[in-house]
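Working notes, beginning with the structure itself.
What's counted below: heavy atoms across the whole structure, side chains too, no hydrogens, waters or symmetry copies.
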Amino acid sequence: AQKITQTQPGMFVQEKEAVTLDCTYDTSDPSYGLFWYKQPSSGEMIFLIYQGSYDQQNATEGRYSLNFQKARKSANLVISASQLGDSAMYFCAMREKAGGFKTIFGAGTRLFVKA
Amino acid sequence: DSGVTQTPKHLITATGQRVTLRCSPRSGDLSVYWYQQSLDQGLQFLIQYYNGEERAKGNILERFSAQQFPDLHSELNLSSLELGDSALYFCASSVGKMGTSGTDTQYFGPGTRLTVL
């Protein structure tokens, strides 16, 4: 079964607008962590934000915030005030305690920021 | 710059050959992870080491092996290479201490792009 689902293969957003990248996950483990990574065209994987399953508040890191809805098993990434440099591939990932803390990545969403 | 280094950056070799990819983790990190990113399979976890010991295994082929040395650098050995092994291979490192929610953020190196001809 697909553990991490990113349903948007590609998205466009206007510069300075906010954008939400969707991520749903599947686990029965109460202990897990959710991560978002950015992969620009240069290829490196850049850590953006983390949310723990026991965290009461949504994580925020600068222009990035994670809309964590535990009951719906969703962990959407919100990028505010998009910049041209935000154009990249974005991956959602999950790490379960029961899975030996292996990290599973979604298929990714390619974001295009238009000037 | 994540602080994780990988060499070489690019590698071109022929089918049937063997190659070694090298990774140096961030200073202070005890865990090293290897991932394979290909167009058809996406980003796949291969294996994790913690302080020299294997901790978790993913979709790693028997032709592939890895180890972590006392100085904490790691090597991924790929043998009997096939065309399908062409991919971007990432190393990541983390402190290695798990919180209750599987925290312990992984920081990725720049990757080694392997092309098998």
Would you say [Y] ends up clustered with [X] if hydrophobic residues are merged whenever their side chains have heavy atoms under 4.5 Å apart, either directly or through other cluster members?
{"X": "A/L84", "Y": "A/L111", "value": "yes"}
{"X": "A/L77", "Y": "A/I46", "value": "no"}
{"X": "B/F69", "Y": "B/Y49", "value": "no"}

Which atoms of B/L43 approach chain A - backbone, side chain, both or neither, heavy atom under 4.5 Å: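 For B/L43, heavy atoms of backbone and side chain both lie under 4.5 Å from chain A.
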Contact origin within B/Q37 toward chain A - heavy atom pairs under 4.5 Å: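 Interface part for B/Q37: side chain.
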Nearest-0.5 Å distance, OG1 of residue B/T105 to CD1 of residue A/I49: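 That separation rounds to 10.5 Å.
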Gap separating the CD1 atom of A/I104 from the CD atom of B/Q44, nearest 0.5 angstrom: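 Rounded to the nearest 0.5 Å, the CD1-CD separation comes out at 9.5 Å.
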Closest approach of A/E44 to B/F90 (non-hydrogen atoms, all atoms of both residues):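 Nearest pair, atom of A/E44 first, then B/F90: CA-CE2, 4.4 Å.
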Nearest non-hydrogen partners of B/F45 and A/K102, listed with the distance: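 Shortest heavy-atom contact: CE2-CG, 3.7 Å.
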pair B/L88-A/Q39: side-chain heavy atoms closer than 4.5 Å: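 Yes, side chains in contact.
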Please say whether more than 12 non-hydrogen atoms of neighbouring residues, nucleotides or ligands are located less than 6.0 Å from [atom1] in [X].
{"X": "B/K57", "atom1": "NZ", "value": "no"}
{"X": "B/L39", "atom1": "CG", "value": "no"}
{"X": "A/K16", "atom1": "NZ", "value": "no"}

A/F47 ring center near B/F108 ring center (under 6.0 Å):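 They do not qualify: ring centres at least 6.0 Å apart.
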